[in-house]
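The first residue in the sequence is number 1, and the count goes up from there.
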Amino acid sequence: MPGEVEHRPAERSPAERHPAERGRAGSVRWRTTIGAVVVVGLALLIGGVALVAVMRSTLLEQVADAAQARAESVDAGQPRPRPSADDDGFVQVVDADGTVVAATANVAGAAAVDVRPGGTARVDVAGEDMLVVAVRAGDRTVVAGQSADVAEATAVVTRLLGIGLPVLLAVVAVTTWWTAGRALAPVEAVRAEVDAISAAELHRRVPAGRGDDEIARLARTMNRMLDRLEEAQTRQREFVSDASHELRSPVASIRQHAEVALAHPDRTTVPDLAGTVLAEDMRVQRLVEDLLVLARADERRLRLAAHPVDLDDLVLEEASRLRAAGGVEVDTTGVAATRVTGDAAALRRVLRNLGDNAARHAAGVVTLSVAERDGVAVLAVEDDGPGIAPADRERVLRRFVRLDEARDRDAGGAGLGLAIVDELVRAHGGDVSVEAAAGGGARIVVRLPGRSPDG
């Protein structure tokens, strides 16, 4: 309504438009952090348990060594040995009958500890866990015991591990979260930029960075892909624009003649009008067929047969057609027997386009030649016309290119003939080059793979 203001929804950011993608980006960070914490946590737990076990084993070995040293320090050969005592151990000297000859005060009056010489045992002495070692001393045995209570020492280490491991895991979690965020930041920037690129903004590129890591290489790969898409879009727009321009001419011609016939019936006849319409219709038909060939080539949908083809026969057929059309002399003295593997219809079209192009620009002579050289079929079509300047020899193979833009379109064609030749030859695995003829005209050379020996 007049005077009313149209209210449009505010443009949302890429992250708001795609919350699922934002969640997935976050989940990668979370999964990385959780995975790192779980792996490091399991490794630290296993390492902590192993540390405590090794520490306990080492302490018990030290206790056994201390008991062994104490037992060996007792002079059991004296009639009344006097072993020294301390709070962490005991000593007994036992004769061959198993009678305790001497003992430290803390086990005075106690029965002899039953342990064989050279062996060890764990016994409870006065309510304390002892590690006992027996040593042979003549006909007597010295039994020495040392406190085997290592729980206090291992408990300290266990408490320290219980405090340190969670702190270390927290450091790992924070570090992994920060590192993953830094690593994924370029990915999010690339994603946001790609999400903002539309068909109308293919000139935009994702930030590639200066490094050479996987993300930077991915960004550069995406930029090359965008380059190809932009180039393809540009070619498509040019193709559509040029095709529309070419089609407009015959349609306008048909309309013009039809309007004149309607407005002034006495100035034309039905046969004249029909002839004009038929000629323009044939021109449109050829143009549409050429456009279809090029469109299939762009979509990699050119389906070519692969059969043995006598290329010299096709060249002679084209020479006969040009002679029948008149206007030029056709020289075929350079035609030699040559066979290739390919599509006969497509190769006929290549020869027709090359022949028409040469006849259109020739002053009076068109030369066709074909021969096989080192397994490659070399086809050459040249004329004695004005030739093609070196700067234009690559450009002339492009679509809708006419070197003389001012000439009549009916005589000059739509500029698709050589472009179709290039596409069809490349589809056969060959190549096309434009050179200067010996007489100063243009020489177009087509090289095709020769027929394989098993073909």
Side-chain angles (χ1 to χ4, degrees), residues 14-16 18-69 87-89 119-124 127-133 145-195 206-223:
E16 291 174 340
H18 301 281
E21 294 182 6
R22 185 180 180 183
R24 286 196 295 269
S27 66
V28 171
R29 196 175 186 183
W30 274 111
R31 288 198 300 268
T32 303
T33 303
I34 293 173
V37 170
V38 169
V39 172
V40 174
L42 288 176
L44 291 176
L45 179 61
I46 295 173
V49 172
L51 174 63
V52 172
V54 171
M55 180 181 178
R56 180 180 178 84
S57 176
T58 302
L59 290 175
L60 290 176
E61 289 180 1
Q62 293 177 353
V63 169
D65 291 342
Q68 181 80 16
D87 295 337
D88 293 333
T120 59
R122 296 284 291 274
V123 298
D124 183 85
E128 187 174 359
D129 185 22
M130 295 281 186
L131 180 64
V132 179
V133 176
Q146 194 75 17
S147 175
D149 186 10
V150 296
E152 184 176 354
T154 55
V156 173
V157 175
T158 302
R159 284 195 298 271
L160 291 176
L161 290 175
I163 297 173
L165 292 186
V167 173
L168 184 58
L169 287 178
V171 172
V172 170
V174 172
T175 303
T176 305
W177 176 266
W178 180 81
T179 305
R182 289 289 301 271
L184 291 174
V187 177
E188 178 61 20
V190 169
R191 186 207 63 79
E193 184 66 22
V194 171
D195 187 59
V206 300
R210 299 181 179 179
D212 194 33
D213 56 8
E214 291 82 356
I215 296 176
R217 292 197 295 271
L218 173 63
R220 288 193 287 269
T221 300
M222 295 185 69
N223 283 335

Practice prompt. Please answer whether the main-chain N or O of Val54 pairs with a side-chain N or O of Thr58 as donor and acceptor at a distance below 3.5 Å.
Written response: yes
Looking only at heavy atoms, which two atoms of [X] and [Y] are closest? And how far apart?
X      : Y      : result
Met222 : Val194 : CE-CG2, 3.2 Å
Thr176 : Thr33  : CG2-CA, 3.6 Å
Arg29  : Ala180 : CG-CB, 4.0 Å

Worksheet item: Which value, rounded to the nearest 0.5 Å, describes the distance between Asn223 atom CG and Leu218 atom CG?
Response: 9.5 Å
Worksheet entry | CG-CG distance between Leu131 and Leu59, expressed to the nearest 0.5 angstrom | 12.0 Å
Only counting residues at least two apart or in another chain, list the ones meeting side chain to side chain contact (heavy atoms under 4.5 Å, CB included) with [X].
X      : answer
Thr158 : Val52
Leu51  : Val157, Leu161
Ala216 : Asp213, Arg220

